[in-house]
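See structure below.
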2 protein chains.
Amino acid sequence: MARVGDEGGTAGPARSAGVKDVAARAGVSLGTVSNVLNRPDRVSARTRERVEQAMAELGFVRNESARLLRAGRSSTLAYVMLDATNPFFTDVAQGIERAAEQADLSLFLCNSDQSAERERVYLTRLQEQRVQGVLITPVDPDEPLLDEVVRQGTPVVIVDRVRDVDSHCSVAVDDVLGGRLAIEHLVDLGHQRIAFVGGPERIGQVRDRRRGAQAALADAGLPADALVEVRTEALTVSEGRNAGERIAGMPSATRPTAAFCANDLVALGLLQSCVGLGLRVPDDLAIVGFDDIEFAAAAAVPLTSVRQPRGQLGRRATELLLDEATNPDHRHEQVLFTPELVARASTRRS
Amino acid sequence: MARVGDEGGTAGPARSAGVKDVAARAGVSLGTVSNVLNRPDRVSARTRERVEQAMAELGFVRNESARLLRAGRSSTLAYVMLDATNPFFTDVAQGIERAAEQADLSLFLCNSDQSAERERVYLTRLQEQRVQGVLITPVDPDEPLLDEVVRQGTPVVIVDRVRDVDSHCSVAVDDVLGGRLAIEHLVDLGHQRIAFVGGPERIGQVRDRRRGAQAALADAGLPADALVEVRTEALTVSEGRNAGERIAGMPSATRPTAAFCANDLVALGLLQSCVGLGLRVPDDLAIVGFDDIEFAAAAAVPLTSVRQPRGQLGRRATELLLDEATNPDHRHEQVLFTPELVARASTRRS
DNA sequence: TTGTAGGCGTTATCAG
DNA sequence: CTGATAACGCCTACAA
């Protein structure tokens, strides 16, 4: 079968030129081309130029598959995100990207969009592509495929979740402490009846943040029923709105004077619907969110929130991943960052 | 050199088993394993099970590089995003993802983060990986590498930008019309002095949206200086805040009564700082954004915005890409969607 | 169904 | 620097 490399300089839509086409065109040996590509120093400047010119003329594009087939492992990382439309995760992704770039690795983002099935598909593909490593915020940290993947030799770091077992590195934030901070802040402001807005129960964060909230209430000497449960089906803006309607609908005598939301999306939805229904924030209802996404600060009533070091999370996770990928006596590590309360107008004392 | 496949069922951390290991373990021929993988119907149910079990036991993971080396083209798409932290683009990405999934293709997201350099790196890598095709919202639609990539045989569709030349398919929204809609709405409400908030100039959208705004003003019989330029350095929330401070600082006699922002991020920042500085929205300043991201509707003063069909953009772009990748007599197409004004409280007549 | 052979494009090695 | 050659792991085809 005919190959490429004929038709003069008038760059025809050639069907992919290979190293040997380049060699032929430059009038050098195949090995030399390879050297230009991989050890440019071993080749005289003049021949190198000739080769490079030939590459340009032919529109040579390295075939990564072939390269990889020999090399064994690619130089890309992947982050399998739980929800690409949640700014929290895109900020984490940005932290990862920066760290990856420094290590001269490319990052591919994959969006599982909360689907365990899609998550599995991505994990499998990434494995098949022999990526250097995978960062993931899993739908379920106990997903067995995660262990499978490491067993087959692809490092995996879990981001923003923790696992009891230490088969992976993980990087997360102390959610229990975060819950504490939120409630302590509200109690300091004099609130004695506080809604906890979040769900579903299966999300570990929701449980932990509530746990911290309960502990803080107890420490403050308030009864357990000072925390009013307002359940959501998901941690989304629209569920937040929904919860807001329920809260606004309560008789003002029993209505909580403050709400602690399991994340900022919920808090923003809540804020919107409460304001829309005539509640004043923070006077009638103080609101605390969680994550401190950029839109929390940018709300028309800027939102008090528990800040997670989003970029840091990504950066540290990447460091752990790279260590696992390159350091033969790597030890798994569970990093826990400390959250921080950022007070804004949504809880301002009036 | 010794290979794998010994040590009993107790899944040791084997160093990657290949098809022939599987064949040996299952006691079948290599060809049969390959058939199980690629044409399961050609193999009896019983042998197939045996093979599948062997795969499971050995933790066999297909080597995509080898597969690809033969196949020529992978079954993944990539979307090179301009800014992964802008919800507009993540919504577009979601549309792409859905369409890709239907076609049984995986999608990798790459974030150029407005850097032409990073964009180039990604494009090159994707080409090297022989992806089926690339969707991209480019930093600069005239980037020559884009043409290079198509010439080498990788289909490219441009998303949310247009190019004069028709060397690619593209999908975008009529920004000039969008600008018109925004201004017509404000003029209908009686505004006669309107700020246009956006920049930098090099962004095509900014120019087009302003152009539409100017045209609408002219049609309404208002003088050109009814549109007050408020420049930003970027289309971000913080630049929006900045612009807000400048507007709020104007003497109320000459201050515009309304602002049309080049996107929602700017609008949200503007909204926040104006409210913070004591301006009432919409009474003292009406605000219109562009994109209609979810957070626009969720603002405490819900934002009027020019909606782009974000998911549709992604979906249509993917369809074009697939056509280009598979249909031999594909014709490039420039799709232009029609935007739509969504009126909310930030322009409500008081 | 079985074996086996050849090739995908790149890299590495080794003697000249 | 050349030229030749052997991997890398998988897929297809072909003859049994």
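Protein chains get the first letters and strands the later ones, always in sequence-line order, with residue 1 at the start of each.
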**Asked** Do B:Arg151 and B:Glu148 sit within salt-bridge range, that is, some charged N less than 4.0 Å from a carboxylate O?
**Response** yes

In whole angstroms, the gap separating P of D:dC11 from CG of B:Leu69 amounts to 11 Å

In numerical order, the residues of residues 42-54 of chain B whose heavy atoms come under 4.0 Å of DNA chain C are B:Arg42, B:Val43, B:Ser44, B:Thr47

List, with names and distances, any nitrogen or oxygen atoms from the protein found under 3.5 Å away from nitrogen or oxygen atoms belonging to nucleotides 12-16 of chain D.
unit_1	atom_1	unit_2	atom_2	d
D:dT12	OP2	B:Arg39	NH1	3.3

Report task. Could you tell me how the ring of B:Phe108 sits relative to the ring of A:Phe108: parallel (under 30°), tilted (30 to 60°) or perpendicular (over 60°)? Result -> parallel

query = Between the main-chain N or O of A:Leu145 and the side-chain N or O of A:Glu143, is there a donor-acceptor pair closer than 3.5 Å?
reply = yes

Residues in residues 61-68 of chain A with a heavy atom under 4.0 Å of DNA chain C, by number, are A:Arg62, A:Asn63, A:Ala66, A:Arg67

Exercise. Taking only Lys NZ, Arg NE, NH1 and NH2, and the carboxylate oxygens of Asp or Glu, determine whether A:Glu128 and A:Arg125 approach each other closer than 4.0 Å.
Key: no

Side chains of residues 59-66 of chain A: which donor-acceptor pairs under 3.5 Å do they make with residues two or more places apart or in other chains?
unit_1	atom_1	unit_2	atom_2	d
A:Arg62	NH2	A:Asn38	OD1	3.1
A:Asn63	OD1	A:Ser65	N	2.8
A:Asn63	OD1	A:Ala66	N	3.2

request  = For the pair B:Arg130 (side chain) and B:Gln127 (backbone), establish whether a donor and an acceptor sit closer than 3.5 Å, ignoring hydrogens and angles.
outcome  = yes

Presence of salt bridge, B:Arg163 and B:Asp147, under 4.0 angstrom:
yes

Original post:
So, are B:Arg161 and B:Asp142 salt-bridged, with charged N and O less than 4.0 Å apart?
Top reply: no

Here the salt bridge (charged side-chain N to carboxylate O under 4.0 Å, His left out) pairs for residues 313-327 of chain B, sequence neighbours left out, are B:Arg316-B:Glu319, B:Arg316-B:Glu333

Please check if any side-chain donor atom of B:Gln53 sits under 3.5 Å from a side-chain acceptor atom of B:Glu49, or the reverse. no

Contacts satisfying salt bridge (charged side-chain N to carboxylate O under 4.0 Å, His left out) that involve residues 100-116 of chain A (not counting sequence neighbours) are A:Glu101-B:Arg118, A:Asp113-B:Arg98

When rounded to whole Å, the CZ to C1' distance for the pair B:Arg130 and C:dT10 reads 11 Å

Separation of C:dT11 atom C1' from B:Glu128 atom CD, nearest Å, is 15 Å

note: B:Lys20, atom NZ; D:dA7, atom P; distance rounded to Å ~ 11 Å

In whole angstroms, the gap separating P of D:dC10 from CG of B:Leu37 amounts to 8 Å

